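Heads up, the thing below is written out as structure tokens.
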Amino acid sequence: RLFILTDTPRVEDWQSLNLDILENMLERVYLARLVVEIASEQYPKSEVTFVPFPSTGGDGAEVDSDTEARICNADLVLAITTYSLSHTRARSQATQLGVRFASMPGFEAQMLYEDGPMAADLNVMKLHCQSFANILNEANDVQVRTSYGTDLQLRLIPYSGQTDDG
């Protein structure tokens, strides 16, 4: 059971959000619906369900109880949303029940293009991430400076560089 989640504008969003934000949100809803169609065609023996829900209004805010109950009954959830669901009770509960959950806030159709980020070679990416983690593990401190005036200094000890590549 594959569930494609997407957040739809709430009534108050139509009054308060910038039109560009609303347009992006609606494009994600359309993209999520399109993913349902493609997945249904490619995997006709699988149950693919479109699950629109009222927007949470912010990253990490909880979904409504109906949506939470539904995602806990999935095998795989792709959340093509405006706001992240990664750090929510609903996502945590679902993954504890064995649901594989991909929270993809801000996802855009262009990301699926041949030269887009979803076409990245994951093995190469894993090697780059591990190399960067190794560099961090060999350092005691790091300093980040930009031409915009950022000057950030961080003490790395006792922390270690870890990768999230899977």
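If you're wondering where the values come from, they're calculated on a predicted model, not measured in any experiment.
Interatomic distance, Ser84 OG to Arg91 CZ, rounded to the nearest 0.5 Å: 9.0 Å. Rounded to the nearest 0.5 Å, atoms NE2 (His128) and CG (Asn123) are 11.0 Å apart. Here CG of Asn137 is found 8.5 Å from CD of Gln162. Values are rounded to the nearest 0.5 Å. Rounded to the nearest 0.5 angstrom, Arg70 CZ and Ser65 OG are separated by 12.5 Å. Rounding to the nearest 0.5 Å gives a distance of 11.0 Å between OG of Ser86 and CE of Met104.
Under the 4.5 Å side-chain contact rule for hydrophobic residues, Phe107 and Ile38 do not share a cluster. Cluster membership check: Ile4 does not share its hydrophobic cluster with Tyr30, using side-chain heavy-atom separations under 4.5 Å among Ile, Leu, Val, Met, Phe, Trp and Tyr. In terms of hydrophobic clustering, with Ile, Leu, Val, Met, Phe, Trp and Tyr side chains grouped at heavy-atom distances under 4.5 Å, Val99 and Val48 are assigned to different clusters. Linking Ile, Leu, Val, Met, Phe, Trp and Tyr whenever their side-chain heavy atoms come within less than 4.5 Å puts Val36 and Ile80 in one cluster. In this structure, Val35 is a member of the same hydrophobic cluster as Val29, with clusters built from ILVMFWY side-chain heavy atoms closer than 4.5 Å.
Residues Asn134 and Gln130 have side chains that bring a donor and an acceptor to within less than 3.5 angstrom of each other. Side chain to side chain, Gln143 and Asp151 meet the donor-acceptor criterion of an N or O pair below 3.5 Å.
Considering all non-hydrogen atoms of both residues, Ser55 and Asp13 come closest at CB-OD2, 3.7 Å. Taking both residues in full, the closest heavy atoms of Glu68 and Ile71 are given as O-CG1, 3.3 Å, listed atom of the first, atom of the second, then distance. Between Pro105 and Tyr83 the shortest heavy-atom distance is CB-C, 3.8 Å. Here the closest heavy-atom approach between residue Ala133 and residue Thr163 is recorded as CB-CG2, 3.9 Å. Closest approach of Arg28 and Thr81 over heavy atoms only: CD-O, 3.2 Å. Residues Ala61 and Leu85 approach most closely at O-CD2, 4.3 Å, considering heavy atoms.
For Ser131 (side chain) and Leu127 (main-chain N/O), a donor-acceptor pair under 3.5 Å exists by modelled atom type. Panel note: side chain Arg100, backbone Leu76; no donor-acceptor pair is recorded below 3.5 Å. In this structure, the side chain of Asp7 engages the main chain of Thr82 through a donor-acceptor pair within 3.5 Å. Looking only at distances, a side-chain donor or acceptor of Glu62 sits under 3.5 Å from a matching main-chain atom of Arg89. With hydrogens and angles ignored, the 3.5 Å screen pairs a side-chain donor or acceptor of Arg1 with a backbone N or O of Asn73. Remark: the backbone N or O of Glu12 is paired with a side-chain donor or acceptor of Ser16 at under 3.5 angstrom. A donor-acceptor contact shorter than 3.5 Å is absent between the side chain of Thr150 and the backbone of Arg145.
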Passes side-chain contact (heavy atoms from CB on, under 4.5 Å), Phe50 versus Thr6? Steps please. CA-CA 8 Å; Phe50 181 61; Thr6 191; 3.7 Å; yes
Walk me through whether Leu2 and Asp75 qualify under side-chain contact (heavy atoms from CB on, under 4.5 Å). CA-CA 6 Å; Leu2 167 61; Asp75 295 310; over 6 Å; no
side-chain contact (heavy atoms from CB on, under 4.5 Å) evaluation trace for Asp64 with Phe53: CA-CA 8 Å; Asp64 60 280; Phe53 65 93; 3.8 Å; yes
Which is it for Tyr113 and Met118 under the side-chain contact (heavy atoms from CB on, under 4.5 Å) test, yes or no, and what are the steps along the way? CA-CA 8 Å; Tyr113 292 177; Met118 295 301 287; over 6 Å; no
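Counting heavy-atom neighbours within 6.0 Å of Gln110 CD, excluding the residue itself, gives a total above 12. The 12-atom threshold is exceeded at CZ of Arg155, counting heavy atoms of other residues, nucleotides or ligands nearer than 6.0 Å. Annotation for Leu19: atom CG does not count as buried by contact number, only 12 or fewer foreign heavy atoms lying within 6.0 Å.
Other cluster members for Leu156: Phe132, Leu136, Val142, Val144, Leu152, Leu154, joined by side-chain heavy-atom distances under 4.5 Å among Ile, Leu, Val, Met, Phe, Trp and Tyr.
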